[in-house]
Amino acid sequence: MSPTAAPPFAEALRAALEADVVEAAPLLLGCILSRGERSARIVEVEAYRTPDDPACHAHRGQTRRNATMFGRPGLAYVYFTYGNHWMLNVVAHPPGVAAAVLVRAAEPLTGLEEMRSLRPRARRDEDLLSGPGKLTAAFGIDRADDGCDLLGGRGPLRLEPGVPPARIVTGSRIGVTDGREHLWRFIDADALPWASRPLPR
DNA sequence: GTCCGGATTACCT
DNA sequence: GGTAATCCGGACT
């Protein structure tokens, strides 16, 4: 085995992301997001893509804000919204074609003290990562992380293999008006306490 | 240059 | 369950 060979997990996930964001999004459930001592198991994601999805940021073409979404599968697309919040996405589809998976919620595994210090308003551990803006706050994710490779095994922010869910619930994406007919929200059905909302609607 | 609304959160009733 | 906070990106006058 070559010492420079990429781990099978990363290669397989990157290939799945490149092939189809809707098929790949549920594969992110159960994966571990890690940064230093902090780690968490992803329990909720949403898929966005061009050209047939009006809810996708890149639906009207490339801009400076969404440029990372046109990059290589496995990159982090991080954007700012609502005046306060950063959102973490995993880029999908081949370079030049925009698609991404929004990471909406996770179950904290390690480094909870650091997460709590960055989320002082969270009263319970279930409040630490149960929303896309909460998750980025607890991991200290911001503009500086936009464009980093989550599957390269080199950067501080990484996606690693975990325990896949036994059951998955799908539903309409949260906060989306155009494109709500797409059931592209995916949740680990056995991890609902850690999700951004108790039940899909 | 100005205006509108947002892939949200947290607090209030 | 309803809504204020907060400010940037994209569209348009």
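Letters go in sequence order (proteins before strands), and every chain restarts at 1. When reading the values below, keep in mind they use all heavy atoms of this one structure, side chains included, and skip hydrogens, waters and symmetry mates.
Residue ring and nucleobase are not stacked for A/Y82 and C/dA5 under a centre distance beneath 5.5 angstrom and an angle between planes beneath 30°.
The residue A/T63 sits close only to the backbone: its heavy atoms come under 4.0 Å of sugar-phosphate atoms, none of a base.
Side chain of A/D146 to main chain of A/R143: no donor-acceptor pair is present (N/O by atom type, distance under 3.5 Å, no hydrogens or angles). Here the side chain of A/R41 pairs no donor or acceptor atom with the backbone of A/E107 at under 3.5 angstrom.
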Which donor-acceptor pairs under 3.5 Å do side chains of residues 74-93 of chain A form with protein atoms, sequence neighbours excluded?
| residue | atom | partner | partner atom | Å |
| --- | --- | --- | --- | --- |
| A/Y77 | OH | A/H57 | ND1 | 3.0 |
| A/N89 | ND2 | A/Y77 | O | 3.1 |
| A/H93 | NE2 | A/V21 | N | 3.0 |

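In summary, the side chains of A/T110 and A/S39 do present a donor paired with an acceptor at a separation below 3.5 Å, with no hydrogens or angles considered. For A/R180 and A/S172, the side-chain atoms include no donor-acceptor pair closer than 3.5 Å.
Stretches of at least 3 consecutive Watson-Crick or G-U wobble pairs, with each checked distance under 3.5 Å, appear in DNA chain B as B:1-6 with C:7-12, B:8-12 with C:1-5.
Separating the CZ atom of A/F80 from the P atom of B/dA7 is a distance of 13 Å, rounded to the nearest angstrom. Remark: C1' of B/dT9 and CH2 of A/W86 are 16 Å apart, rounded to the nearest angstrom. Spacing between atom CZ of A/R197 and atom P of B/dT9 amounts to 9 Å, rounded to whole angstrom units. For A/I174 and B/dG6, the CD1 to P distance is 15 Å, given to the nearest whole Å. Across the protein-nucleic acid pair, A/R180 atom CZ and B/dA7 atom P stand 14 Å apart, rounded to whole Å. For the pair A/R143 CZ and C/dC7 C1', the interatomic distance rounds to 13 Å; values are reported in whole Å. Taking atom OH of residue A/Y79 and atom P of nucleotide C/dG10, one finds them 12 Å apart after rounding to whole Å. Across the protein-nucleic acid pair, A/N84 atom CG and C/dC7 atom P stand 7 Å apart, rounded to whole Å.
OP1 or OP2 of B/dA7 has not a single side-chain nitrogen or oxygen of A/T81 nearer than 4.0 Å. The phosphate of C/dT6 has neither OP1 nor OP2 within less than 4.0 Å of any side-chain N or O from A/H85.
With distances taken from any side-chain atom of A/R104 to the nucleotides C/dT6, B/dT8, C/dA11, the minimum falls on B/dT8. Side-chain proximity of A/R65 to C/dG9, B/dT8, C/dC8: nearest is C/dG9.
A distance of 14.5 Å separates CG in A/L28 from CZ in A/R104, rounded to the nearest 0.5 Å.
Look at A/D178 and A/R173 and you find no salt bridge, because none of the NZ, NE, NH1 or NH2 atoms lies under 4.0 Å from a carboxylate O. Between A/R49 and A/D20 a salt bridge is recorded (basic side-chain N to carboxylate O distance below 4.0 Å). A salt bridge links A/D125 with A/R116: the distance from a Lys NZ or Arg NE/NH1/NH2 to an Asp or Glu carboxylate oxygen falls below 4.0 Å. Looking at A/R119 and A/D127, no side-chain N of the basic residue comes within less than 4.0 Å of a carboxylate O on the acidic one, giving no salt bridge.
When each of A/R60 and A/G83 is assigned the nucleotide of DNA chain C with its nearest heavy atom, A/G83 is the one assigned upstream, toward the 5' end.
B/dG5 and C/dT3 are spaced 15 Å apart, taking the C1' atom of each and rounding to whole Å.
Taking every heavy atom of residues 117-141 of chain A and every atom of DNA chain C, no pair lies under 4.0 Å.
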